[in-house]
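Each remark here refers to the structure printed beneath this line.
Below, each value reflects all heavy atoms present in this structure, side chains not excepted, and no hydrogens, waters or symmetry copies. Below, read A as the first sequence line, B as the second, and so on, with proteins coming before strands; counting in each chain starts at 1.
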Amino acid sequence: MRLKRLFSLLYDLYGPQNWWPVDRQYHQLKGTDPRDEIIIGAVLTQNTSWKNVERALENLKREGELSLNFVRSVELEVLKELIKPSGFYNQKATRLKAISEFFNPTQRVQEASREELLKVKGIGKETADAILLYAGDRLTFVIDKYTQRFMKRFLKVEGSYEELKEFFESNLEPDLFIYKEFHALLDEHAKRYCRSIPLCEECSLRNLCLSAGPSS
DNA sequence: TACCAGGTGGGAA
DNA sequence: TTCCCACATGGT
C-alpha cells in the first residue's frame, strides 16, 4: 500500500488533528511567539501524556509566561515547580533551559540545523524533528514509538529511527500539511487501536493490516 | 496494584 | 550498536 493511500484512510477516519495545539489568543495578547509554546511542549511531552503537559503549560501561563524568554530568565528551581505536573521535572527544567539558550534572536527555528539542534542536551531525534516540523515548518518527518509499532504491524516495515524517517520521506510528496497531519493521525490510531495489546477486532484497518490479516 | 504516557542520556555488554 | 535503567507525575 502506498503511504499516501494510508494517509487518506486515516484522514478520512479521524479528520484533521491540527497538531501542534497552540493558544494563539494567549500569544497575541502577551506578544509572545506561539512557536515557543511548541518548543516548550515538545520537551515537556517526552514520555508523558499530553494532559500532564497541559497542566504544566497552564502553570507557566498563570504564574510566569509561556515563552522561551521567560524560561531563559526564570530561576531553575521556580521552573521545576511550574512544570512539575509533566513529570521528570528535574531533567526537563534543565532541558528547557538548554533549548531556550539555543534559540535566541540569532538562532530562529525556521533556520536551525537538525545537527546543531541534536547537540542540545535533552533534545533527541524525535523532539528535534517535532520542533523543526511543527514550530519551524520544516519538512522533516517525526517518528515515535507509536509510528514504529504501527508500521511494524501494519506494513511490516521496521528499522532504526533514521531508516523509518527515510522511508516516509522518500515515499511521500514533500507537503507540510501531510507531514504534520500524518504523524498526528498515526499517533491517534495507535492510541485508539494499535496499542501494545492491539484491539484488532475493533480496528477498521484490520483488513489491510499485514499482521492482523483479513477478518472473516 | 501495575502499567502507560506525543523520550533521552549514560553506562554496560 | 544494542540493551537496560533512571527520570516522575497523573490517569485508568
Side-chain angles (χ1 to χ4, degrees), chain A residues 7 10 14-23 34-60 62-63 66 76-102 109 114-136 138 140-153 158-165 168 178-199 202:
Chain A
F7 171 74
L10 290 169
Y14 304 116
Q17 301 298 298
N18 298 312
W19 274 26
W20 196 284
V22 167
D23 187 345
R35 295 183 193 88
D36 288 5
E37 182 173 348
I38 298 173
I39 294 166
I40 293 167
V43 171
L44 293 182
T45 198
Q46 291 172 350
N47 202 37
T48 302
S49 68
W50 187 251
K51 277 285 168 206
N52 288 0
V53 175
E54 283 177 328
R55 292 171 205 273
L57 293 177
E58 281 305 317
N59 284 349
L60 284 168
R62 195 176 55 246
E63 296 175 41
L66 188 42
L76 184 65
E77 293 306 313
V78 175
L79 185 58
K80 286 182 186 178
E81 282 303 311
L82 292 175
I83 66 168
K84 213 162 204 172
S86 73
F88 305 116
Y89 56 88
N90 285 309
Q91 43 176 300
K92 281 179 182 174
T94 308
R95 291 173 183 182
L96 283 177
K97 283 285 185 185
I99 197 71
S100 75
E101 292 297 334
F102 178 78
V109 65
R114 185 172 187 258
E115 289 64 36
E116 290 301 312
L117 193 48
L118 285 171
K119 288 180 189 165
V120 178
K121 196 88 154 196
I123 305 301
K125 290 172 181 173
E126 182 181 339
T127 307
D129 287 328
I131 288 172
L132 290 172
L133 176 64
Y134 292 104
R138 306 274 291 281
T140 184
F141 204 87
V142 182
I143 305 297
D144 61 7
K145 60 184 172 196
Y146 287 136
T147 307
Q148 290 173 316
R149 183 167 71 205
F150 176 79
M151 293 303 286
K152 183 176 176 181
R153 288 178 182 158
E158 54 185 317
S160 68
Y161 185 100
E162 298 295 345
E163 286 167 343
L164 213 50
K165 173 178 161 66
F168 276 93
I178 293 177
Y179 274 42
K180 290 181 179 181
E181 287 294 327
F182 206 167
H183 171 68
L185 287 163
L186 286 166
D187 276 25
E188 183 61 25
H189 185 72
K191 268 189 266 192
R192 289 195 195 206
Y193 304 108
C194 209
R195 303 175 177 183
S196 332
I197 299 171
L199 303 175
E202 300 169 37

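The nearest whole Å value for the distance from the CD atom in A/Q17 to the C1' atom in B/dG6 is 12 Å. In this structure, A/D144 places its CG atom 14 Å from C1' of B/dT8, rounding to the nearest Å. For the pair A/I131 CD1 and B/dG6 C1', the interatomic distance rounds to 13 Å; values are reported in whole Å. Look at CD1 on A/I123: it is 13 Å from P on B/dG10, rounded to the nearest Å. Atom CD in A/E181 sits roughly 17 Å away from atom P in B/dG6 (whole-Å rounding). Between A/E37 atom CD and B/dG6 atom P there is a gap of 17 Å when expressed in whole angstrom units. In this structure, the CH2 atom of A/W20 is 11 Å from the P atom of B/dG6, given to the nearest Å.
Ring-plane geometry between A/F141 and A/F168 is classed as parallel, the angle between the planes falling under 30 degrees on a 0 to 90 degree scale with a further cut at 60. Taking the six-membered ring where the residue is Trp, A/H189 and A/F150 present perpendicular rings, their angle passing 60° and hence far from 30°.
Annotation: the span from A/T147 atom OG1 to A/F182 atom CZ amounts to 9.0 Å, rounded to 0.5 Å. Remark: A/E58 CD to A/L82 CG distance equals 12.0 Å, nearest 0.5 Å. Here A/Q46 contributes atom CD and A/S86 contributes atom OG; the two are 9.5 Å apart, rounded to the nearest 0.5 Å. Note that OG1 of A/T45 is 13.0 Å distant from CD1 of A/I38, once rounded to the nearest 0.5 Å. Residue A/N47 holds its CG atom at 11.0 Å from CG of A/D144, rounded to the nearest 0.5 Å.
Heavy-atom contacts of chain A under 4.0 Å fall on DNA chain C between two terminal nucleotides, which in 5' to 3' order are C/dC7 to C/dG11.
For the P atoms, the distance linking C/dG10 with B/dT8 amounts to 22 Å, nearest Å. If you take atom P in C/dC4 and the same atom in B/dC3, they sit 16 Å apart, rounded to whole Å. The same atom, P, is picked in C/dC7 and in B/dG6; the two are 22 Å apart, to the nearest Å. Look at the C1' atom in both C/dG11 and B/dT1: the space between them is 14 Å, to the nearest Å.
Looking at A/K119 and A/E116, a side-chain N of the basic residue comes within less than 4.0 Å of a carboxylate O on the acidic one, giving a salt bridge. Using a cutoff of 4.0 Å between basic side-chain nitrogens and carboxylate oxygens, A/E162 and A/K125 are scored as salt-bridged. With salt bridges taken as basic N to acidic carboxylate O contacts below 4.0 Å, one links A/E188 and A/R192.
For B/dA5, the base is not stacked against the aromatic ring of A/Y146, per a cut-off of 5.5 Å between centres and 30° between planes.
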Could you walk me through whether A/R95 and A/F88 pass the side-chain contact (heavy atoms from CB on, under 4.5 Å) check?
-> CA-CA 11 Å; A/R95 291 173 183 182; A/F88 305 116; over 6 Å; no

A/D187/A/W19 under side-chain contact (heavy atoms from CB on, under 4.5 Å): CA gap, chis, key distance, verdict = CA-CA 11 Å; A/D187 276 25; A/W19 274 26; 3.4 Å; yes

A/T127/A/I131 under side-chain contact (heavy atoms from CB on, under 4.5 Å): CA gap, chis, key distance, verdict | CA-CA 6 Å; A/T127 307; A/I131 288 172; 4.0 Å; yes

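With sequence neighbours left out, the side-chain contact (heavy atoms from CB on, under 4.5 Å) criterion links A/E54 to A/W50, A/K51.
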Any N/O pairs under 3.5 Å between the protein and nucleotides 11-13 of chain B? List them or say none.
none

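Within 6.0 Å of NZ on A/K152 lie no more than 12 heavy atoms contributed by other residues, nucleotides or ligands. By the 6.0 Å contact criterion, NZ on A/K121 is open, its count of non-hydrogen atoms from other residues, nucleotides or ligands being 12 or less.
For B/dG6, neither phosphate oxygen OP1 nor OP2 lies less than 4.0 angstrom from any side-chain nitrogen or oxygen of A/Y134.
Of the residues in residues 81-96 of chain A, those lying under 4.0 Å from DNA chain B by heavy-atom distance are A/Q91, A/R95. Listed by residue number, the members of residues 44-53 of chain A with any heavy atom below 4.0 angstrom from DNA chain C are A/N47, A/N52. Within a heavy-atom distance below 4.0 Å of DNA chain C, no residue of residues 183-192 of chain A is found.
A/E158 has its side chain out of reach of A/L164: every pair of non-hydrogen atoms, C-beta onward, lies at least 4.5 Å apart.
Of the residues near DNA chain B, A/K125 and A/R149, the one whose nearest nucleotide (by heavy atom distance) lies more toward the 5' end is A/R149.
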